[in-house]
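In what follows, every chain begins at residue 1, and chains take the letters A, B, ... in the order their sequences are listed. What you see is a predicted model; the values in this text were computed from it and never measured.
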Number of protein chains: 2
Amino acid sequence: MVNVASALSLEYGTRSESLRTLKYAILGLLNQRNMSGYELTQQFESALCEFWNAKHSQIYSELKKLTDEQMICYEIEISGNVLEKKVYSITETGKADFMNWLRKDEPMGATSKDVFRLRLFFSNKLDQEVRIELLNSQLMQHRLRLMHLKNNQTKFNKVPQKDSDEFSDYLVLLGAIMREEMSCEWLKQCIELCQEGGNT
Amino acid sequence: MVNVASALSLEYGTRSESLRTLKYAILGLLNQRNMSGYELTQQFESALCEFWNAKHSQIYSELKKLTDEQMICYEIEISGNVLEKKVYSITETGKADFMNWLRKDEPMGATSKDVFRLRLFFSNKLDQEVRIELLNSQLMQHRLRLMHLKNNQTKFNKVPQKDSDEFSDYLVLLGAIMREEMSCEWLKQCIELCQEGGNT
DNA sequence: ATTTGCATGTAATCTGTTACATGATTCA
DNA sequence: TGAATCATGTAACAGATTACATGCAAAT
């Protein structure tokens, strides 16, 4: 028997909305200040890079979509003689939509993907030396990243005011540092466990 | 002037290969033991859930592709009277390809995306009470997750043998626990910083 | 009988990456 | 004058989610 209900297009509620996180990342940035697509791309590479990323190709198409949806609008500025630059700003509609997203207390989703942990999960199939080399390589990379982050932190000589953009920035930087410190700790423990009763 | 080289389809090297991580996650699991698509789906929900995830729809289509590519093959088993089950196993080609992937020391990619951190980055636009509520909600969720993970850890009464599947499992579980502990610590610090000089 | 779990798939859509494509501006 | 950076876009493809779709088996 066929599914009559679905044949009549009943019973299966409206399609659930997609998350559109990129949309809100862009709206959030434009809520801080007006920017071009190029500047937004740079923001993703600097300010957001510890928790979000997007290529210019994706950003430009999202900007087009958000303009159509009247969440943002733009004015054209001229750099030099002829080079056109679109400076985007958030609309009132966009601001309202963004604030609505920001306030929502959504339950945590699935843990994010991590290729290295996946590799490690299968690493007992490797020679012990190779496994330790891979762990060491990973450790070095995380140490380097930690160094850069701690260097960024020195730019704050005191905790910023709670309602400032800098304060939020400070919180996420703290999170990034703690994450890298944890990663280094964990990798060191893994290496130790792999070496225990080692090759003498 | 048009790009003659590209018009002639020259000069722009071969398309770079995609990562196909799901492929290797599946090959890795089938390298441990033979399984059906259904069992693989369950493995993603249990053993791999702390660092990878995939829905059954994605898994079944990847299995089809891997079969075409001769990385895996299957035999049909009957459960009960008629219900057919495809039990997949990895081929020698698949095993070689998997080991090749496992050995590679790829540099760390971009930090993985984290919607909560993105929200927090914009959270100075919220009322202080709402911001703290969101942080508390997040903290509770991470505490719960930590509890479950620590409970899993009790299943290991000692560190398993280094070349066993259980040892790798132990390492990634340790990583998951440390990650959740760090998250709880970080969130507590964020809450404190948000409350400092608070509303008296 | 009815619900839960076993078992497998496809279609539509959304999200993200790589490659293609162009041209101006600035600095060495 | 050549390289790096500013500036914007499209097309093709890869990766992932949600919904659609079906039916058997086991337990209550």
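With dT8(D), dT18(C), dA16(D) as the candidates, the nucleotide lying closest to the side chain of Lys55(A) is dT18(C).
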Quick one: which protein N/O atoms are closer than 3.5 Å to N/O atoms of nucleotides 3-6 of chain D? Pair and distance per line, please.
unit_1	atom_1	unit_2	atom_2	d
dC6(D)	OP2	Tyr38(A)	OH	2.5
dC6(D)	O5'	Tyr38(A)	OH	3.3

Atom pairs, N/O to N/O, protein against nucleotides 9-11 of chain D, distance under 3.5 Å?
unit_1	atom_1	unit_2	atom_2	d
dG9(D)	OP1	Lys86(A)	NZ	2.4
dG9(D)	O6	His56(A)	NE2	2.9
dT10(D)	OP1	Lys64(A)	NZ	3.3

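The salt bridge (charged side-chain N to carboxylate O under 4.0 Å, His left out) pairs that include a residue from residues 81-94 of chain A number zero, where partners must be two or more places apart or lie in different chains. Within the structure, salt bridge (charged side-chain N to carboxylate O under 4.0 Å, His left out) pairs that include any residue of residues 180-190 of chain B comprise Arg145(B)-Glu180(B), Lys150(B)-Glu181(B), Glu185(B)-Lys188(B) (at least two apart or interchain). Pairs engaging residues 41-54 of chain B under the salt bridge (charged side-chain N to carboxylate O under 4.0 Å, His left out) rule: Glu50(B)-Arg179(B) [sequence neighbours left out]. Identified under the salt bridge (charged side-chain N to carboxylate O under 4.0 Å, His left out) test for residues 25-41 of chain B, with sequence neighbours left out: Arg33(B)-Glu39(B).
Within the nucleic acid shown, Lys113(B) comes within 4.0 Å of sugar-phosphate atoms alone, with no base atom in reach, counting heavy atoms only.
Look at CD on Glu17(A): it is 11 Å from P on dC14(C), rounded to the nearest Å. Look at CG on Leu19(B): it is 10 Å from P on dT17(C), rounded to the nearest Å. Between Leu63(B) atom CG and dA16(D) atom C1' there is a gap of 15 Å when expressed in whole angstrom units. When the C1' atom of dG16(C) is taken as reference, atom CZ of Arg20(A) falls 14 Å away, rounded to whole Å. Across the protein-nucleic acid pair, Glu77(A) atom CD and dA7(D) atom P stand 9 Å apart, rounded to whole Å. Atom pair Glu84(A):CD and dT22(C):P shows a separation of 19 Å (rounding to whole Å applied). Atoms CZ (Phe44(A)) and C1' (dT8(D)) sit 16 Å apart, rounded to a whole Å. Rounding to whole angstrom units, CD1 of residue Ile59(B) and C1' of dC6(C) are separated by 15 Å.
Partners of Glu69(A) by salt bridge (Lys or Arg N to Asp or Glu O under 4.0 Å), not counting sequence neighbours, listed by chain and number: Arg20(A). Not a single salt bridge (Lys or Arg N to Asp or Glu O under 4.0 Å) links Glu166(A) to another residue, sequence neighbours left out. In terms of the salt bridge (Lys or Arg N to Asp or Glu O under 4.0 Å) criterion, residue partners of Glu106(A) (sequence neighbours excluded) are, by chain and number, Lys104(A). For Phe167(B), the ring-ring contact (aromatic ring centres under 6.0 Å, His included) test picks out no residue, with sequence neighbours left out. A search for side-chain contact (heavy atoms from CB on, under 4.5 Å) contacts involving Asn31(B) returns Lys125(A), Ile90(B), Lys95(B), Phe98(B), not counting sequence neighbours.
Within the helix from dA1(C)-dT28(D) to dA28(C)-dT1(D), the inter-axis angle between the opening and closing five-pair segments is 30°, rounded to 10°.
There is no side-chain donor-acceptor pair under 3.5 Å between Glu133(A) and Ser137(A). In this model, a donor atom of one side chain and an acceptor atom of the other lie less than 3.5 Å apart for Asn124(B) and Ser168(A).
Within the structure, every side-chain polar atom (N or O) of Thr21(B) is placed at least 4.0 Å from both OP1 and OP2 of dG15(D).
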